[in-house]
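Throughout, numbering of the chain's residues begins at 1 and tracks the sequence.
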Amino acid sequence: MGSGNNPLDDEFLRVRMVLVVMLGAFLLLGGWLWHIQVRRGPSYEKDQIKQSIRRVRIPGVRGRMFDRAGVCLADNRPSYGVALYLEELRRPGNWDKTIDHVQGLVSNLETVLGLPAQLTREDIRSHIRKRLPLPLVVWRDLTDETLARFAEQASLIPGVDIQTDNVRLYPGGPLAAHVLGYVGRADIEQDEEEPYHYYLPEMMGRSGLEKSLDPVLRGEAGGRLMRVDVTGFRKYDFKQREPVGGKDVMLTLDARVQHAAEEALGGTPGAVVVMDPRNGDVLAMVSSPAFDPNRFVPAIRSEDWDILNNDPYKPLVNRAAAGGYAPGSTFKPVTALAALESHRASAGDLHNCPGYFQLGRATFRCWYHTGHNTLNMRQALERSCNVYFFNAGLAAGIGNLHEMATRMGLGSKTGIELDYEIAGLVPDEAWKLRQFNDGWRDGDTCNVSIGQGALVVSPLQMAMMTSLIANSGHLYRPRLVRGTREAGSGRFILQEPELVREMGWAPENIQLVRNGMKDVINGEQGTARRVALPNVTVAGKTGTAEFGRKEDRQRHAWMIAFAPFEQPRYAVVMLVDEGISGGETAAPRMQKLLSEIFNGAPAEGRG
């Protein structure tokens, strides 16, 4: 027989080769499994844990706001809602079965609570899709009666519980509403290094001090970590960082004076500002009509929002800081100081008032049509003679008028802590050329001299100006914030007032203007004699400014005042939007306000 290959040997070789290949494959697979499960196992486990963890942002309790005497003006209160915990309500099978069960439960709760639920099937589906691990809040801000009904009939239902949130409360309702402002639902800002998956409801300032002081009041958010299962349902919480409450703020406001100012205005469209001329503290700031900021908590209804926005008297606008008006004759003390300080006029200068002032072919009228006859400057202030101040303004010139007005704080923002204020306007030659490509004329100077023309001021700016005259030339920046304190602390850290500038007026000049303003109220022919108080000497100035179409004869009625005359503690500005005159419309309200102020305790001193 030949020596050819044995078929059995070939078969055995093939089997061995297959076994070697299989063994190699098993070794490769085992090595790969070892790499995945042993070497990379901790890394995969970390990723899996990370994927099953959800970060929830917890807002801090918002800081409160108090008046200077400790009266709480903006607080927080618990708001109770009914929440469903879907991890306890889920049903086997697809999501529709769980949604059906939730809808049935809500329907039963509607009967128990006596409240309809504004919850659709799509709302439930959206919550499952976007916020499954969190409770589904069906009713918010329950009344005590509804809470009692829940405790009595529904507290033992599985998967249903009461959820408590903090919401804003304004104990005084509309008191100081334009100063305090209001809050709304905070915007989500995902700027953290590790963004949160879920954000619990948080308040954010939307206007007033609530907005401008929002970083101070909001505090620092905390967080909670929760574990979810593969379907996204919450399993348990396992780590939490507590939030830090916002700072409390002490305001310069005096709630007593604020209330008196609001009562004096009596709901009439207008504004009042009361300042302490010793330090710039704003003791009261009123804008009328007002609104109740509680209507914005937890969210304002669309119909209420429409009513506020469509009201022709614009209750959401802070007239005291954001309203722009011609100051009328309340500007005459500025004209007097500009003429005196520029040495273009003196206290003894006499001018005759026949009831009009002829400037070329133009005739400018005095408000007292039969004329004041011959007057000096102090008498002109007492009787508010237009003709005298036409002469004084022309003598000073628009350059000196503009410089004096701007140095006294007009024509620029005061820098108060509010979220919005106007700068106003003190016109001059450059402004008119820029705005109208036209030259300045003496008639323009006459208009500015008596607070008319293009001149625009806010009541807040006029309060700053009145304080400056009251204290004889120390310009303080108006302020609303007196101090702050950390959450949980009992002591406020007070801030120092800010002196903007010393005017450096000649003592005889400022005393002349102050005496003229004293005569406005205490002189025999003063335009505001009805403001006089029995035991306190008050100085002031009335003003009437026309606006709108001439044929409509619409007027702003002004009154500025300070008291006591020798050592002033209060500088007050009152504006009535549609009045007859400062003497007839604003003066009686000013008298009512000052009477109330001095019948109570005085505001605190310079601190």
Side-chain angles (χ1 to χ4, degrees), residues 273 275 277 280 282 320-345 389-390 392-416 418 420-436 439-442 444-479 497-506 509-510 513-514 517 541 543 545 558 560 562 571 573 575:
V273 180
M275 278 181 61
V282 176
Y325 310 89
S329 293
T330 58
F331 187 79
K332 288 174 180 174
V334 181
T335 302
L337 285 166
L340 292 168
E341 286 291 309
S342 64
H343 306 291
R344 305 290 182 86
F389 285 97
F390 292 148
L394 288 171
I398 188 58
N400 287 314
L401 285 172
H402 182 273
E403 181 184 4
M404 180 59 68
T406 53
R407 291 191 71 229
M408 292 178 74
L410 305 183
S412 60
K413 295 181 179 182
T414 67
I416 199 167
L418 291 171
Y420 181 75
E421 64 168 322
I422 66 162
L425 174 65
V426 179
D428 63 358
E429 296 164 314
W431 170 83
K432 189 175 182 185
L433 185 63
R434 186 171 61 251
Q435 194 74 13
F436 299 105
W440 190 267
R441 295 176 175 80
D442 285 346
D444 298 321
T445 303
C446 287
N447 282 326
V448 171
S449 298
I450 62 168
Q452 296 281 178
L455 193 62
V456 177
V457 301
S458 71
L460 175 62
Q461 289 173 325
M462 293 302 288
M464 188 179 184
M465 185 208 80
T466 306
S467 293
L468 180 60
I469 295 172
N471 66 35
S472 299
H474 312 290
L475 184 65
Y476 285 99
R477 189 177 307 284
R479 64 172 186 166
E498 181 183 350
L499 180 64
V500 178
R501 70 174 61 91
E502 297 280 2
M503 297 300 293
W505 290 325
N509 290 340
I510 182 57
V513 172
R514 294 176 86 254
M517 294 177 68
K541 186 73 191 74
W558 285 91
I560 64 175
F562 61 87
V573 170
L575 166 76

Legend entry - Minimum heavy-atom distance between F389 and A336, given as atom pair plus value: CE2-CB, 4.0 Å
Inset, instruction - Decide yes or no for R407 and R501: does some side-chain heavy atom of the first lie under 4.5 Å from some side-chain heavy atom of the second? - result: yes
Inset, instruction - Could you tell me the separation between the OH atom of Y325 and the OG1 atom of T330, rounded to the nearest 0.5 Å? - result: 13.0 Å
Legend entry - Backbone of D444 reached by a side-chain donor or acceptor of N447 within 3.5 Å: no
Inset, instruction - Look only at the side chain of Q461 and the backbone of A423, and say whether a donor-acceptor pair between them is shorter than 3.5 Å. - result: yes
Legend entry - Atom of V273, atom of A463 and distance for their closest heavy-atom approach: CG1-CB, 3.5 Å
Legend entry - Check: M503 and M404 side chains under 4.5 Å, non-hydrogen atoms: yes
Inset, instruction - Spell out, as yes or no, whether a donor-acceptor pair under 3.5 Å connects the side chain of K432 to the backbone of G439. - result: yes
Legend entry - Heavy-atom pair with the smallest gap, counting every atom of P478 and V282: CB-CG2, 4.1 Å
Inset, instruction - Drop me the distance from H402's NE2 to T445's OG1, to the nearest 0.5 angstrom. - result: 12.0 Å
Legend entry - Pair S458-E421, side-chain donor/acceptor within less than 3.5 Å: no
Legend entry - Closest approach of L401 to G393 (non-hydrogen atoms, all atoms of both residues): CD1-O, 4.0 Å
Inset, instruction - For side-chain contact (heavy atoms from CB on, under 4.5 Å), just list the numbers for M465 and I560, CA-CA rounded to whole Å, side-chain angles, deciding distance to a tenth of an Å, and then say yes or no. - result: CA-CA 10 Å; M465 185 208 80; I560 64 175; 3.9 Å; yes
Legend entry - Separation between CE of M408 and CG of L468, rounded to the nearest 0.5 Å: 4.5 Å
Inset, instruction - Give the C-alpha distance, both sets of side-chain angles, the deciding distance and a yes or no for side-chain contact (heavy atoms from CB on, under 4.5 Å) between L425 and L455. - result: CA-CA 6 Å; L425 174 65; L455 193 62; over 6 Å; no
Legend entry - Any donor-acceptor N/O pair, R344 side chain to A395 backbone, under 3.5 Å: yes
Legend entry - From L340 atom CG to N400 atom CG, the distance as rounded to the nearest 0.5 Å: 11.5 Å
Legend entry - Interatomic distance, D428 atom CG to R434 atom CZ [nearest 0.5 angstrom]: 7.5 Å
Legend entry - P277 to A571 - nearest heavy-atom pair and separation: CD-N, 3.9 Å
Legend entry - Side chain to side chain, V448 and W440, heavy atoms closer than 4.5 Å: yes
Legend entry - Of H343, E341, R514, the residue whose pairing with N509 passes side-chain hydrogen bond (donor to acceptor under 3.5 Å, both in side chains): E341
Legend entry - Side chain to side chain, C446 and L394, heavy atoms closer than 4.5 Å: yes
Inset, instruction - Ignoring hydrogens and angles, tell me if any N or O in the side chain of T335 forms a donor-acceptor pair with the backbone of S449 under 3.5 Å. - result: yes
Inset, instruction - Taking all non-hydrogen atoms of both residues into account, name the closest pair between G409 and M464 and its distance. - result: CA-SD, 4.4 Å
Inset, instruction - Please round to the nearest 0.5 Å and tell me the distance separating atom CD1 of I398 and atom CG of D442. - result: 10.5 Å
Inset, instruction - Report yes if some heavy atom in the side chain of N471 is under 4.5 Å from a heavy atom in the side chain of Y476; otherwise report no. - result: yes
Legend entry - Donor-acceptor contact present, side-chain W558 to main-chain A326, <3.5 Å: yes
Inset, instruction - For the residue pair V513 and W505, establish whether any side-chain heavy-atom pair is separated by less than 4.5 Å. - result: no
Inset, instruction - Say whether, by atom type as modelled, one donor and one acceptor occur between the side chain of R477 and the main chain of G280 under 3.5 angstrom. - result: no
